[in-house]
There are 2 protein chains.
Amino acid sequence: MRVKIPEVTIGRLSLYLRCLNEMEAEGMTVVSSAELGKRSGINPAQIRKDLAYFGEFGTRGVGYYVSELKKNIKEVMGVNHPYEVALVGVGNLGNALLRYKGFQRHGFRITAAFDRDPTDKDVPEGCTLYHSDDLEKVIRERGIKIAIVSVHQSSVQEVIDRLAKANVKGVLNFVPTRVNVPEGMTVRDVDMGTELDILTFYLSLQEK
Amino acid sequence: MRVKIPEVTIGRLSLYLRCLNEMEAEGMTVVSSAELGKRSGINPAQIRKDLAYFGEFGTRGVGYYVSELKKNIKEVMGVNHPYEVALVGVGNLGNALLRYKGFQRHGFRITAAFDRDPTDKDVPEGCTLYHSDDLEKVIRERGIKIAIVSVHQSSVQEVIDRLAKANVKGVLNFVPTRVNVPEGMTVRDVDMGTELDILTFYLSLQEK
DNA sequence: AGTTGTGAACCGATTCACAGCG
DNA sequence: CGCTGTGAATCGGTTCACAACT
């Protein structure tokens, strides 16, 4: 890899892909950065720059071939093949995440779920529920590299450390606590409480 | 307001508050930006700058008084009083969000839930379930200003527009679609599929 | 002496503007 | 001619370094 790629770029690639899918469905075969910009709300120069990090996907004077570009973006993002994902903590939130359709659309399948108390819990077709004790064993065996964590605050750090030991490389963390991220692992936090705080702040600004 | 406040600052204020609560529980009464930095993982200069946007909360040579600072941050964030929140779309995800404890910790209570098909659905104590048809009416009557949207893709835009009409000012949107944001409204997107995409990208980088 | 508050330097990301190419 | 790809300019946020203050 030549230069460092901003992580926001990856988020935008995901957005471009969504737009391209729509456009393809509408029968478009070629698209300019200007058109894609209109659809996605991103500045065209930004789009060109984002894409240029990874190659020269366009044709000057023409634009980008939709199906071509889709393929290239998918390759770049590493989402060409479906991914297995583990979920740790089958509480309210975990349960909903197990059933969330959005992951499938991105090519992810939650195939293993772990809980400290697996009795009385049930999981959707295609997913197996295990006791947390078996976390390392199962994840290693299956070669799972990505996990979603929705456990109780008190056990997040332990879970993250155990996932790291099991060779998990990426974690989507829904638990609002500062965690120590093990070497070689990427953790992305989703903190919904803080999101509401930010909305509230803007709200309180308006009142002034 | 004198200068523009970066929105990441607000997210960090929320983090500082969490740390301060911990520290207070541990009996600390005074804290320096260096100590808070250690706990929160944020650069001390950054912390001072974040706080300085809103006032001079510290004492030179001493630091910040914990309870004092907590109070000030809460005031700044507009979270001094509890907020009522509406939730639109009681599917899997919506249901989990209704029961998510993290919101309460931040002083939010989901007191009204809306669904196109409210039969057979039940909601926790303290929350009332309404038919979507009554959205504008109920939200207006209650003066609710913040909403969480977890409806089907096809109706997001309509829901957002109706919320705007009902005078809602902030929306936390869990639906992965580009929405047109009405004037005077703030929308924050939580796109969990894209989050996994980003993890996958880092994963695929490591393999090279 | 110790720590805040802040101007200046730095760094990274976005946008502009145009050369290069189809 | 039109649109991409990209160096240069700009913008915004972070970090540094120190003057101000207790």
Side-chain angles (χ1 to χ4, degrees), chain A residues 1-16 19-20 23 28-73 76 194 198 201-202, chain B residues 1-16 19-20 23 28-73 76 194 198 201-202:
Chain A
M1 183 182 43
R2 250 172 297 168
V3 289
K4 212 204 155 284
I5 289 125
E7 95 169 30
V8 279
T9 289
I10 311 305
R12 283 193 300 261
L13 290 185
S14 183
L15 170 61
Y16 302 152
C19 295
L20 289 168
M23 288 170 153
M28 296 173 67
T29 57
V30 183
V31 65
S32 68
S33 59
E35 289 170 300
L36 187 51
K38 220 172 212 171
R39 172 92 49 145
S40 62
I42 307 291
N43 177 303
Q46 180 76 78
I47 295 177
R48 297 199 298 276
K49 195 140 260 191
D50 283 340
L51 297 174
Y53 281 123
F54 303 101
E56 307 206 348
F57 300 144
T59 309
R60 291 168 197 233
V62 178
Y64 302 88
Y65 292 98
V66 175
S67 66
E68 196 67 14
L69 186 55
K70 269 181 58 177
K71 208 189 82 214
N72 282 317
I73 292 181
V76 160
T194 295
I198 295 172
F201 172 73
Y202 285 122
Chain B
M1 185 180 47
R2 250 173 296 169
V3 291
K4 210 203 155 288
I5 288 125
E7 95 170 27
V8 279
T9 289
I10 311 305
R12 283 192 300 260
L13 290 185
S14 184
L15 170 61
Y16 302 153
C19 295
L20 289 168
M23 289 170 152
M28 296 174 64
T29 57
V30 183
V31 66
S32 68
S33 59
E35 288 169 302
L36 188 51
K38 219 173 213 171
R39 172 91 50 146
S40 62
I42 306 292
N43 178 303
Q46 180 75 78
I47 295 177
R48 295 199 298 275
K49 196 139 260 192
D50 284 340
L51 297 175
Y53 281 122
F54 304 102
E56 309 206 347
F57 301 144
T59 310
R60 291 167 198 232
V62 178
Y64 302 87
Y65 292 97
V66 175
S67 66
E68 196 67 13
L69 186 55
K70 270 182 58 179
K71 208 189 81 209
N72 282 316
I73 292 181
V76 160
T194 294
I198 295 173
F201 172 74
Y202 285 122

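Values in this document were obtained by computation on a predicted structure and should not be read as measured data. What's counted below: heavy atoms across the whole structure, side chains too, no hydrogens, waters or symmetry copies. Just so we're on the same page: letters track the sequence lines, and every chain starts at 1.
You'll find the side chain of A:Val62 reaches within 4.5 Å of the side chain of A:Val30, heavy atoms only. Put simply, the side chain of B:Thr9 reaches to within 4.5 Å of the side chain of B:Phe54, judged on heavy atoms. When side chains are defined from C-beta on, A:Glu7 counts as touching B:Tyr202, because their heavy atoms get closer than 4.5 Å. At a threshold of 4.5 Å between non-hydrogen side-chain atoms, the residues A:Val76 and A:Phe57 count as touching. Residues B:Tyr16 and B:Asp50 meet the side-chain proximity criterion, which asks for heavy atoms closer than 4.5 Å.
One can place CD1 of A:Ile5 at 14 Å from P of C:dG12, the figure rounded to the nearest angstrom. The distance from atom CG of A:Leu69 to atom C1' of D:dC3 is 14 Å, rounded to the nearest whole Å. For the pair B:Tyr53 OH and D:dG12 P, the computed distance is 11 Å after rounding to whole Å. Between the CD atom of A:Glu68 and the P atom of D:dC3 there is a distance of 19 Å, given to the nearest Å. Rounded to whole Å, the distance from CD on A:Glu56 to C1' on C:dC21 is 10 Å. Rounded to whole angstrom, the span from the CG atom of A:Asp50 across to the P atom of C:dA13 amounts to 11 Å. Remark: P of D:dG5 and CZ of A:Phe57 are 9 Å apart, rounded to the nearest angstrom. One atom, CG of B:Asn72, and another, C1' of C:dT4, lie 15 Å apart when rounded to the nearest Å.
Within a 6.0 Å sphere centred on OH of A:Tyr65, other residues, nucleotides and ligands contribute 12 heavy atoms or fewer.
Side-chain nitrogen and oxygen atoms of A:Tyr64 include at least one within less than 4.0 Å of the OP1 or OP2 phosphate oxygen of D:dG5. OP1 or OP2 of D:dT4 has at least one side-chain nitrogen or oxygen of A:Ser33 nearer than 4.0 Å.
Between A:Val66 and A:Leu20 the shortest heavy-atom distance is CG1-O, 3.8 Å.
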message = What does the B/S/- profile of nucleotides 15-22 of chain D look like, 5' to 3', with a 4.0 Å heavy-atom cutoff to protein?
response = BBB--BBB
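The B:Ser32 side chain lies nearest to C:dT3 when the options are C:dT14, C:dT3, C:dT6.
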